[in-house]
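Values below: all heavy atoms of this structure, side chains included; hydrogens, waters and symmetry mates excluded. Since the model is a prediction, treat every value here as computed from it, not as a measurement.
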Amino acid sequence: MRPLLAAASVIALLAAWSQPAMAQRANPQQGSDPRRAGAGAGAGAAKLTQEKNPQDNKQGENDEKQIDDSYQPKGIEVGSFLLLPQMELDELYNTNIYARATDKRADFITRIAPEFQLRSRFSNHMLNVAARVEQFVFKTYKNDNHLDASANVDGRYDFSREWEGNGSLEAYQRYEDRGSPDDRGGKTPTRTSGFTGRTGSKIQAGRYTFSGEINGARRMFDRVETDTGSVIDNSDRNRWEMGAIGRGSYELFPGYAAVAELQANRRQYDNQFDRSGYNRSSTGWRAETGIGVDISQLIRGDFLVGYLRQDYEDPRFKDPAGFAVKSVFNWTPSRMTVVVLSLERSIQETTTVGASGLVHTGGSILARHELQRNIILTGTFSAFRDEFHGTDQVNWTYDSRARVIYALMPEFYVGGELGYRRRISNQTGSGFDQIVGVARLGVRM
């Protein structure tokens, strides 16, 4: 109860402070609205069609930012920037916190999540800074208490109307999901940390648009103890990831463009051999072509198909290769509704014994509807197949969620979520099912 009372006290203090702060808040009518990075259901078709891949946001982060502009906080002026602080308090119930096939354990979890965003209001260029801390407190199984945190900065420099440079950098600390295929069943969840960064440029010349970027990531995994007192050393998972992307498109006629994209990557592990004696460092690439669509704010997105391959240094591994697909389509049937369809096939890392990589094929659908200007309903469903290449293990995972966000006023919102996740595996003990319910309370300025 102490974390819950502490969070409630902080929310009350923020609420009290928000009243006198009104005089210092920005006027959203001056220039473009920097309060939101993405879309807003009911905020107009131009914003609605900018939803991202729903597979990248299963937890519903930033749902509150999809509410109509009239229920968005005005923020606090800080020179040429707008400061947007926020505090969220969630109470969760998870029917299977360890994601097990048997011996399931349920628990209540309190999530306390302060964050801020600092958004620029320049006439040209852009610079944004954000940070978030998430404390998870388990009522019964306290060994799973953990703190996630992240900080990121992203920016854009406009050389001209047709040419821009852009980049981003993020540092993070997260704890691995108990349902991860690589979870080793430690006494505590595995702490991961690292950073990711990218820099790139985009230029438009008539009907042609070209863009490119280089990116990198550092990923580290801590050791954890088991219930018997032995130590699981995860240092063999530590690695660097480096990549480059080139993309070009040609507008065939208004609303349709031919697109080609080429990616290359290098995944370099710190240890030459992992705990099972395999060398997991690899080099890969993927090449795709397809069509980009932008039809009168109604449909936006890409549909790309091609070929991918990842070559591992260990000769005992079977190198995954084959059909590649990447597609995200945003359909806005009305100003109140957006539907997002996504499909992707990729090669991911795994430490499963005998498997070179994890060939992930997934599809999802998101539907978001503005019931009223201050009430947003969201439903998602995803299904994906994970093939552990080089072994006979195949996992099918299904995830469905229903969420609601209700803004009482621009500074306060409440919400709820009900989710169900099920994994079916041909590997004994790898399947599970899990139900999660969430009650949400937030205050922002």
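- Looking at N94, its side chain never comes within 3.5 Å of a backbone N or O of A106 through a donor-acceptor pair.
- Within the 4.5 Å cutoff, the side chain of R373 has heavy atoms near those of the Y71 side chain.
- Scanning for side-chain contact (heavy atoms from CB on, under 4.5 Å) contacts around R184 gives I232, N234, R275, with sequence neighbours left out.
- Note that CZ of F116 and CD1 of I76 are 12.0 Å apart. Values are rounded to the nearest 0.5 Å.
- Ion pairing between D294 and R300 holds under the 4.0 Å rule for side-chain N and carboxylate O.
- Salt bridge E88/R444: absent, no basic N to carboxylate O contact under 4.0 Å.
- K104 places no side-chain N or O within donor-acceptor distance of the main-chain N or O of A101, the cut-off being under 3.5 Å.
- The residues D399 and R401 are annotated as salt-bridged, a charged nitrogen and a carboxylate oxygen being separated by less than 4.0 angstrom.
- Scanning for salt bridge (Lys or Arg N to Asp or Glu O under 4.0 Å) contacts around D233 gives an empty result, with sequence neighbours left out.
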Might you work through the side chain to side chain contact (heavy atoms under 4.5 Å, CB included) test for V359 and D386, ending with a clear yes or no? CA-CA 6 Å; V359 181; D386 290 329; over 6 Å; no
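- By the side chain to side chain donor-acceptor pair (under 3.5 Å) test, E288 is found to be paired with R286, residues two or more places apart in sequence or in another chain being considered.
- Using a 4.5 Å cut-off on side-chain heavy atoms (C-beta onward), F329 and I299 make contact.
- A donor-acceptor pair under 3.5 Å is formed between the side chain of T350 and the backbone N or O of T352.
- With sequence neighbours excluded, the residues forming a side-chain contact (heavy atoms from CB on, under 4.5 Å) with L262 are A287, listed by chain and number.
- Every side-chain contact (heavy atoms from CB on, under 4.5 Å) that D158 has, sequence neighbours left out, goes to N124, H125, R156, E164.
- In terms of the ring-ring contact (aromatic ring centres under 6.0 Å, His included) criterion, residue partners of F136 (sequence neighbours excluded) are, by chain and number, H146.
- Panel note: side chain S327, backbone D302; a donor-acceptor pair is recorded below 3.5 Å.
- Checked by atom type and distance alone, the side chain of E241 never pairs as donor or acceptor with a backbone atom of G216 at under 3.5 Å.
- Residues I376 and R368 form a side-chain contact, since some pair of their non-hydrogen atoms from C-beta on lies under 4.5 Å apart.
- Evaluation of the ring-ring contact (aromatic ring centres under 6.0 Å, His included) rule for Y420 yields no partner, not counting sequence neighbours.
- Between K326 atom NZ and S342 atom OG the span is 12.5 Å, to the nearest 0.5 Å.
- Legend: residues meeting side-chain contact (heavy atoms from CB on, under 4.5 Å) with T199, ordered by chain and number and at least two apart, are I214.
- When the ring-ring contact (aromatic ring centres under 6.0 Å, His included) test is applied to Y141, the partners found at least two apart in sequence or on another chain are Y98.
- A 4.5 Å side-chain heavy-atom check between V133 and L147 finds at least one atom pair inside the cut-off.
- F81 pairs by the ring-ring contact (aromatic ring centres under 6.0 Å, His included) definition with F122, not counting sequence neighbours.
- Open room surrounds NZ on K202; 12 or fewer heavy atoms of other groups in view lie less than 6.0 Å from it.
- Using a 4.0 Å cut-off between charged nitrogen and carboxylate oxygen, D177 and R421 count as a salt-bridge pair.
- Salt-bridge formation is detected for the pair R218/D270: a Lys NZ or Arg NE/NH1/NH2 atom is positioned less than 4.0 Å from an Asp or Glu carboxylate oxygen.
- In terms of heavy-atom proximity, D182 sits nearest to E349 at OD2-O, 3.9 Å.
- Atom CZ of R239 sits about 11.5 Å away from atom CE of M220, to the nearest 0.5 Å.
- We find that K187 and E225 are not joined by a salt bridge, their nearest charged nitrogen and carboxylate oxygen being 4.0 Å or further apart.
- Not counting sequence neighbours, R223 has no partner by the salt bridge (Lys or Arg N to Asp or Glu O under 4.0 Å) test.
- Remark: R237 is positioned above the aromatic ring of F221, its terminal NZ or CZ atom under 6.0 angstrom from the ring centre and at most 45 degrees off the axis.
- Atom CD1 of residue I347 and atom CZ of residue R345 lie 7.5 Å apart, to the nearest 0.5 angstrom.
- Applying the salt bridge (Lys or Arg N to Asp or Glu O under 4.0 Å) rule to R105 yields the partners D103; only residues at least two apart in sequence or on another chain are considered.
- Using a 4.0 Å cut-off between charged nitrogen and carboxylate oxygen, R385 and E387 count as a salt-bridge pair.
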